[in-house]
Number of protein chains: 2
Amino acid sequence: MTGKAYSSVWLREPRKATSPGRSREEIVRAALELLDEEGIDGLSMRKLGAKLSAGATSLYWYVANKDELLELAYDETWGAITVPDPEEVGWREAASVTAHSVRQVMLRHPWLAHLLGRLPALGPNAMRVADRMRQTFKLAGFTGYEVDYAVATFTAYIYGMTLPEIAWNATMVDGEYDADAMRAQVMKAAADFPDMLERIDMDTYEDPRVMRAVAFDFGLLSVLDGLERRLVT
Amino acid sequence: MTGKAYSSVWLREPRKATSPGRSREEIVRAALELLDEEGIDGLSMRKLGAKLSAGATSLYWYVANKDELLELAYDETWGAITVPDPEEVGWREAASVTAHSVRQVMLRHPWLAHLLGRLPALGPNAMRVADRMRQTFKLAGFTGYEVDYAVATFTAYIYGMTLPEIAWNATMVDGEYDADAMRAQVMKAAADFPDMLERIDMDTYEDPRVMRAVAFDFGLLSVLDGLERRLVT
DNA sequence: ACCTGAACACCGTTCAAGT
DNA sequence: ACCTGAACACCGTTCAAGT
């Protein structure tokens with residue numbers, strides 16, 4: 001039992017770029033547009049083909065399947081992330097800027113939420129970011145496996161915090177909800193839990209955007225403090 | 001523009017349970033089996049219908065659509081989570097046990113990864129867990145909005161850490177990969193990043209399960225320490 | 001009150017056939 | 001080397017019709 005090799009776009013040679021016809025870049029760019037405009041369900045091979053005035057199945061010449069295409073689009077978004085050089089700004093500042101940048105990019109491309117737990121991130125852009133993160137936490141003083149643990153904890157926080165935010169935006173903002181109706185209904189759901197009700201009584205639904213941002217900073221501070229504490233003991 | 005009301009299974013009255021025919025519980029149970037056995041793509045209304053020796057469309061009598069069914073299955077899994085009473089064991093112990101319990105349940109139902117960022121969690125079981133978590137962090141000393149921030153940070157960490165673990169399991173274990181081939185291929189992907197290569201040179205792929213568990217505890221300790229630090233300042 | 005089958009409007013992917 | 005259309009095996013959901 002040799003097992004089948006793990007497969008990913010990045011581990012295969014791309015079609016060599018010849019001049020005529022379509023190109024992989026063109027296809028990925030169009031896919032990104034479709035994803036940003038219509039979300040994860042808005043991207044189908046047929047629609048993408050149509051957008052490029054091609055048959056849906058022509059795309060399979062450039063890309064093995066839809067997942068490969070998503071991997072390419074995925075990595076593209078990693079390219080937009082700012083990771084300052086920790087040597088220049090210090091590790092805490094570098095980590096903080098990175099965290100906010102990842103959050104912003106995720107909020108700008110909500111369809112990323114559907115890919116994060118599903119596709120490997122082995123593309124060059126994702127690698128670049130991962131490498132910089134490692135440097136950041138090494139500079140902080142972590143060594144050996146602890147560098148990985150620190151990076152994992154840090155990114156886990158960012159993902160875990162931003163994912164529900166995306167979900168919220170999707171159901172609330174896009175769903176053009178009625179704030180008061182929503183509030184009443186959540187109260188009903190929380191009816192048996194006095195502690196939950198108490199919370200809802202606060203002005204929770206006032207300005208969710210600001211709330212979310214404040215919460216993010218609060219948690220980020222906590223996580224960085226907690227990681228720093230590992231260094232002194 | 002009044003906006004459409006936010007909708008969720010929990011906010012509608014269920015069909016009243018009459019004796020004959022199928023029941024919502026029966027359907028949800030069958031759906032859970034299908035999800036656990038075949039994953040998120042294994043659940044289709046047609047397959048589920050067949051499993052219950054019914055026409056696929058019969059299910060629409062009990063459930064408005066597939067998402068509602070998923071919401072019900074989703075909440076069912078929250079029922080399996082252990083949340084100790086913080087008054088009895090102390091807030092740090094309660095938080096720690098809860099974190100490990102959530103991770104275990106997620107690993108046992110990997111399809112949860114696809115729902116976490118997508119569906120609201122307003123079911124009774126999810127509410128129970130959320131309520132207990134709030135109590136835990138209130139006991140720790142948080143007040144007002146900070147209770148929410150602390151809970152959000154805590155759960156963000158758990159989700160963010162476990163999600164990639166599920167993804168890893170899905171591609172690696174289920175894909176019955178060849179460890180050495182995998183290793184070589186990731187090296188190729190990381191070729192331009194000396195820092196990444198250095199990491200791969202360590203015995204990273206030795207026993208991922210243990211590594212993951214250690215990493216989880218490391219991060220959990222950090223997050224709880226970081227949150228605790230918010231209380232003293 | 002509950003269940004059905006047919007039908008609609010979609011999917012991703014394969015493949016033989018074209019240029 | 002690149003593109004095509006037809007075809008296969010699926011989807012979720014609606015709805016008129018049955019009992």
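In this text the structure is predicted, and so the values were computed from the model without any measurement. Throughout, protein chains are lettered first and strands after them, A, B, ... in sequence-line order, and every chain is numbered starting at 1. The figures here come from the full heavy-atom set of this structure, side chains too, leaving out hydrogens, waters and symmetry mates.
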| Just how far, in rounded Å, is C1' of D:dT13 from CG of A:D41? | 15 Å
| Ring-face cation contact, B:F193 with A:R128, 6.0 Å cut, 45° max | no
| request: For A:T162 and A:Y159, indicate whether the former's side chain and the latter's backbone hold a donor-acceptor pair under 3.5 Å. | output: no
| message | Filter on salt bridge (charged side-chain N to carboxylate O under 4.0 Å, His left out), then keep only pairs touching residues 47-58 of chain B, sequence neighbours left out; what's left? | response | B:E33-B:K51, B:E38-B:K47
| task | Among the candidates D:dC2, D:dG12, C:dC2, find the nucleotide nearest to the side-chain atoms of B:Y62. | result | C:dC2
| request: To the nearest Å, give me how far apart CD (A:E38) and P (C:dC10) are. | output: 12 Å
| query | Given atom CG of A:L48 and atom C1' of C:dC10, what is their separation to the nearest angstrom? | reply | 16 Å
| request: Taking the side chain as every heavy atom from C-beta outward, state whether B:F216 and B:M211 have any pair of such atoms under 4.5 Å apart. | output: no
| task | Locate the shortest heavy-atom distance separating A:S101 from A:A80; write the atom from each residue and the value. | result | OG-O, 4.2 Å
| note | Encoded 5' to 3' (Watson-Crick or G-U under 3.5 Å; [ ] crossing; | other strand), DNA chain D becomes ||.|||||...|||||.||
| Given the P atoms of D:dA9 and C:dC10, what is the spacing between them in whole Å? | 22 Å
| task | Check the distance between C:dA9's C1' and A:K47's NZ and give it to me in whole angstrom. | result | 12 Å
Could you go through nucleotides 4-8 of chain D and list every protein N or O atom that sits under 3.5 Å from one of its N or O atoms, giving the distance for each pair?
from  : atom 1 : to    : atom 2 : distance (Å)
D:dT4 : OP2    : A:G55 : N      : 2.7
D:dT4 : OP2    : A:S58 : OG     : 2.3
D:dG5 : O6     : A:T57 : OG1    : 2.8

| Over how many whole Å does the gap from B:N65 atom CG to D:dT14 atom P extend? | 8 Å
| said: Over all strands shown, is A:L43 touching base, sugar-phosphate only, or nothing at heavy-atom distances under 4.0 angstrom? | reply: sugar-phosphate
| said: Donor-acceptor pair, distance only, cut-off 3.5 Å: does the side chain of B:Y157 make one with the backbone of A:G160? | reply: no
| Matching residue for B:F137 among B:Y149, B:F154, B:Y145 - test: ring pair (Phe, Tyr, Trp, His ring centres under 6.0 Å) | B:F154
| field | Atom-to-atom span, NZ of A:K66 to P of D:dC11 - whole angstrom | value | 15 Å
| said: Main chain of A:A121, side chain of A:D75: is a donor-acceptor contact present, judged purely on distance under 3.5 Å? | reply: no
| Is there a donor-acceptor pair closer than 3.5 Å between any side-chain N or O of A:E68 and the backbone N or O of A:V63? | no
| So which nucleotide from C:dG12, C:dC11, D:dT13 ends up closest to the side chain of A:M45? | C:dG12
| said: Would you say A:W61 places a side-chain N or O within less than 4.0 Å of OP1 or OP2 belonging to D:dC2? | reply: yes
